[in-house]
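Working notes, beginning with the structure itself.
Values below: every heavy atom of this structure, side chains too, minus hydrogens, waters and symmetry copies.
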Amino acid sequence: MKRKFAFGLLNVAVVASASGQGLYSVGEEAKESLPLKWVVGASAIYDDNVAPGTVDAGGNEVKESSFALNPYVGVSFVSMTPQTTWDVYARLGLIYYLDAPDSMDDLNSQSRMGVNLTHRFSERLRFSSRNFISYELEPDYSYGYASSRTIGEYFYWSTDNSIGFRWSERVATYTGLGLTGTTYPDVDDNDRFTWQVYNQFRYQFTPQTVLTADYRYSQTSASGIASDSSDQYLLGGIEHRFSPSSIGIVRAGVQFRDVDRGDNSTSPYVEAALNSQINEKFRIRSFARYGIESYDTVQSFEDSGKFYTVEYDDRETLRFGLSGDYAISPMFSLFGGLDYIPTSYRSGRVLTGGYIGSVDQDEDILNAYVGLSVKFNETLTGTMSYTYTNSSSDVYGRDYDRNRISVGVSAEF
């Protein structure tokens, strides 16, 4: 019993402390080895607003539709021994727009790869490394950095490495270093590099519940005219396993932000996640995060036909996501979800244009999708999905609606 009790104290922390696998990632450490699996597939896509945010000389939205083809190949495997677990996956793909507007390229990458490693030196000591890299066009809101759609590909990578040590039957710590980088070749002032160190204190309150206390310190280097910044976090939290297949995590506290050429600020900070396999057919996942973000802080401001460049020291953002899937039968499955991202741009400093007045801006993004998966046999699977995106924004050129329909087929072997 003591072994299981102690192992649980560290096992939940591995995913909870890692930041490189998206905001949905909680309680998803591999449970068993899985053989090498290949996936080959392709989708046909209709997009009624392929370059959202494009405006004409009068500032009016220009909507252009296009069909696209999205071929891809993927691979994954899990190797698990009593001491070491490797979880590797990759998906290399392209998206080709048959009639792309002049503002974007016809051919773009849709590729990502991840490598996760856990090594248990002993029952008390373990090392965890979570690594992710992507080069793609569409924003994935669940990774916690994308905002509105940008015209062109972006490159994103992250690595999170930590050491967990159990000091007693009830007390453990996780200490780690995380690195994150984003590069937007076609967008000025939005590249970022962040390093973060953290320490988490863990106390096993009951066999199902762990209490946590976190301290995090990070520094962000920005490109162009955007300012560098640093952030500190003091958080208290609770992790509770409702059942072997359901876990919830909540952390809340305060964020202290210092912008090099701007103001210092203090903000509430909250992050939460829930993963639950309700029954054999139904699974849901959700996350929420609120705080001040370092991405997307330089914006254009328009007043009476004149344009100004503004940097915002206080970009308060709530990210909420919910996804689920339901197996109607062995052949048919439904899936769907939504992302909701309201953002407040505050403490703006006009960098060019000399504008005097309020430059506060707000933006709400809603992204919802629903789909059907059909398993024709042990190898072939077909999918159909519909995605709706709405951006209601005071930011110039970022107010739009978008509809996408996708039909695809894949083969696993």
Hey, can you tell me if [X] and [Y] have their rings parallel, tilted or perpendicular (30° and 60° cut-offs)?
X      : Y      : answer
His119 : Phe121 : perpendicular
Phe307 : Tyr396 : perpendicular
Tyr233 : Tyr269 : perpendicular

Answer yes or no: is there a donor N or O on one side and an acceptor on the other, between the side chain of [X] and the main chain of [Y], under 3.5 Å?
X      : Y      : result
Asn403 : Tyr388 : no
Ser391 : Arg398 : yes
Asp313 : Asp263 : yes
Asp314 : Ser347 : no
Ser66  : Asp99  : yes
Asp191 : Tyr184 : yes
Arg241 : Pro244 : yes
Glu363 : Val395 : no
Arg192 : Ser294 : yes
Asp105 : Asn108 : no

Pairing of [X] and [Y] as salt bridge, 4.0 angstrom limit:
X      : Y      : result
Lys63  : Asp48  : yes
Arg315 : Glu311 : no
Arg166 : Glu169 : yes
Glu316 : Arg346 : no
Arg319 : Asp339 : no
Asp87  : Arg130 : no

- Task: Kindly indicate whether a cation-pi arrangement holds for Arg216 with Tyr198, taking the cut-offs as under 6.0 Å to the six-membered ring centre and within 45° of the axis.
- Result: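 Not flagged: Arg216 not positioned over aromatic ring of Tyr198.
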Should we say atom [atom1] of [X] is surrounded by more than 12 heavy atoms from elsewhere, each under 6.0 Å from it?
X      : atom1 : answer
Trp167 : CH2   : no
Trp157 : CH2   : yes
Met113 : CE    : no
Asn279 : CG    : yes

For the residue pair [X] and [Y], establish whether any side-chain heavy-atom pair is separated by less than 4.5 Å.
X      : Y      : value
Asp258 : Phe256 : no
Tyr96  : Asp106 : yes
Tyr174 : Asn199 : no
Val39  : Val73  : no
Tyr312 : Val359 : yes
Ile328 : Leu334 : yes
Phe193 : Ser223 : no

- Item | Sequence-distant partners of Asp231, salt bridge (charged side-chain N to carboxylate O under 4.0 Å, His left out), two or more places apart |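 Salt bridge (charged side-chain N to carboxylate O under 4.0 Å, His left out) check on Asp231 returns Arg257.
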- Worked verdict on Gln110 versus Tyr135 for side-chain hydrogen bond (donor to acceptor under 3.5 Å, both in side chains): CA-CA 6 Å; Gln110 291 288 91; Tyr135 189 55; over 6 Å; no
